There are 2 protein chains.
Amino acid sequence: MIRRLSQARERGIPEATVARLPLYLRALNGMSERGLATVSSEDLALAAGVNSAKLRKDLSHLGSYGTRGVGYDVEYLIYQISRELGLTQDWAVAIVGVGNLGRALANYGGFVSRGFRVAALLDADPEVVGDRIAGLNVEHIDELEAVIRRRGVSIVVLATPAAAAQQVADRVIAEGITSILNFAPVVLSVPEGVDIRKVDLSIELQILAFHEQRKTDRMTGGPAMAEEWPEAVDL
Amino acid sequence: MIRRLSQARERGIPEATVARLPLYLRALNGMSERGLATVSSEDLALAAGVNSAKLRKDLSHLGSYGTRGVGYDVEYLIYQISRELGLTQDWAVAIVGVGNLGRALANYGGFVSRGFRVAALLDADPEVVGDRIAGLNVEHIDELEAVIRRRGVSIVVLATPAAAAQQVADRVIAEGITSILNFAPVVLSVPEGVDIRKVDLSIELQILAFHEQRKTDRMTGGPAMAEEWPEAVDL
DNA sequence: CCCACTTTGTGCATCGGTTCACAAAGGGAC
DNA sequence: GTCCCTTTGTGAACCGATGCACAAAGTGGG
């Protein structure tokens, strides 16, 4: 008996595909709310802002869930993607660092929506420890290990100052955490097997500035005035 | 006369390289503060969390700024990368949407550090209009076009609710803005030539959840119990 | 039952990015 | 000046991702 299924799904969905699945899921949820029963790859791709061939190939990595001539069943696809992403279980998230950003994250609605639950807020500043934010008590960083264990936290969000991030990371990793979302502007060094995702506002701005400069250069000076640095004559 | 320079720099640094330059810049700034005069690709790569061959290739796209046998001059390289990224001029940034996130962004120190200046805060809620945040007056969204023009804003940060983002984007684009950093969880549709960068907290979490699930699966159930969805028998 | 039409799933060419490995280039000792 | 050591800059192989284009599979009408 030939196990056709495994052909597509057997261990390993491309990373680029994984990064787009949440996008598809969001688009599908919108369609579900609007009462759509099925959707074609063309329409879904449009809503998600990608090319339809790419969408089909992405979905084909999960399995063969479409119907030729018809499209994809919206609810069924939502279920499949959710399951693949692990959103059918719920994840307890701890936010470390309750400054402006940590507060914003704690209050961010889209967080809880699907699968994620803010289970703890921690900070080192005695001034904010004990505050009630988004229905949670802010706890002292000394409690970090205990809180992680007690609440079954499996994802940690770092919203601390840069100087504290590595230290906190080391502690949560020692406690068995292997998934970290880091907002602090530092390169964390972590052992094999720990997943770090980094969100860095100033890097995003710098990338924009690069392109913006290119655009305005093209308008005005142009390529000719490319070499206007002080010294540095190169051949 | 052969223009060897253009070989490397002529129009176009790979996108992947551009995304890493800010990382190098941050590492270099740290070294500069610690008084280091030169740095090898090996050391800089380590500090930035990348492979040294990749670092060298990245830098080679800007020009030939290293010295064989020695390494790179820290200050000089900072200057070159800054210039390439367009950080030698300063950019006026407007933040639209002064909720929790907008407030966090306005107060974020690393923002101003190099080249960026928060020049305006705008919101639709009359409750917050007039508030003073991070030394700025919050202005009403009706003033959007006027403020952009008056303050010479060239980068807009969207921290509005999802429902408002597209509308605000349309307005700022009409005003000539071509660089947008979007925190709202929507796919913006924009004309050719407008650069959008998207930061999406819930997508990052979902990607983490995917990997976390894989890891715990491997520990417990394993690959055998991969097909446990209700209906759906596939061949 | 057959035909025309729609839409998926995928083989294949292509592209951009990463990594290896090494020749070329510079520094310093003698 | 010559030799040895260090480190850059890059050619070339490799790898993953993208997009085209089409065969396969399904629907609906007559």
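Being a predicted model, the structure only gives us computed values, none of them experimental. Proteins come first, then strands; the chains are lettered A, B, ... in the order of their sequence lines, and each starts at number 1.
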Just to confirm, is there a sub-4.0 Å distance from OP1 or OP2 of [N] to any side-chain nitrogen or oxygen of [X]?
X: B/Ser40; N: D/dT7; result: no
X: B/Thr67; N: C/dG26; result: no
X: A/Tyr72; N: C/dG9; result: yes
X: A/Ser41; N: C/dT7; result: no

- Item | B/Glu42 atom CD: more than 12 heavy-atom contacts under 6.0 Å |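 Atom CD in B/Glu42 is not packed in, count stays at 12 or less.
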- Item | Any donor-acceptor pair under 3.5 Å from B/Ser40 side chain to B/Asp43 backbone |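 Yes; judged by distance alone, with no hydrogens or angles, the pair exists.
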- For the pair A/Trp91 (side chain) and A/Val118 (backbone), establish whether a donor and an acceptor sit closer than 3.5 Å, ignoring hydrogens and angles.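 Side chain of A/Trp91 to backbone of A/Val118, a donor-acceptor pair under 3.5 Å: no, none is there.
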Measure [atom1]/[X] against [atom2]/[N] and give the value in whole Å, please.
X: A/Asp58; N: D/dG16; atom1: CG; atom2: C1'; answer: 13 Å
X: A/Glu42; N: D/dA21; atom1: CD; atom2: C1'; answer: 14 Å
X: B/Leu55; N: C/dT19; atom1: CG; atom2: P; answer: 12 Å
X: A/Glu15; N: D/dT18; atom1: CD; atom2: C1'; answer: 16 Å
X: B/Arg56; N: D/dT7; atom1: CZ; atom2: C1'; answer: 7 Å
X: B/Leu77; N: D/dT8; atom1: CG; atom2: C1'; answer: 13 Å
X: B/His61; N: D/dT10; atom1: NE2; atom2: C1'; answer: 10 Å
X: A/Leu59; N: C/dT10; atom1: CG; atom2: C1'; answer: 13 Å

- Item | side-chain hydrogen bond (donor to acceptor under 3.5 Å, both in side chains) between A/Thr88 and A/Arg83, intermediate numbers included | CA-CA 5 Å; A/Thr88 48; A/Arg83 193 179 51 78; over 6 Å; no
- Tell me whether the centres of the aromatic rings in B/Tyr65 and B/Tyr76 are closer together than 6.0 Å.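 Centroid distance B/Tyr65-B/Tyr76: below 6.0 Å, so yes.
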- Message: For B/Gly69 and A/Gly69, find the nucleotide of DNA chain D closest to each by heavy atoms; which residue's nucleotide sits nearer the 5' end?
- Response: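 Its nucleotide being nearer the 5' end, the pick is B/Gly69.
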- Query: Of all heavy-atom pairs between A/Ser32 and A/Ile78, which one has the smallest distance, and what is that distance?
  - Reply: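 Taking every non-hydrogen atom into account, CB-CD1, 3.8 Å.
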- Under 3.5 Å, is there an N or O donor on one side and an acceptor on the other linking the side chain of A/Arg68 and the base of C/dT7?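 Check fails, no donor-acceptor contact within cut-off.
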- Item | Check: B/Lys57 side chain, C/dT19 base, donor-acceptor under 3.5 Å |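 Yes, a donor-acceptor pair under 3.5 Å.
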- Side chains of A/Leu77 and A/Leu44: does their closest heavy-atom pair fall under 4.5 Å?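 A side-chain contact under 4.5 Å exists here.
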- Message: Using a 4.0 Å cut-off on heavy atoms, which residues in residues 45-54 of chain A reach DNA chain C? List them by number, or say none.
- Response: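 Contacts with DNA chain C under 4.0 Å: none.
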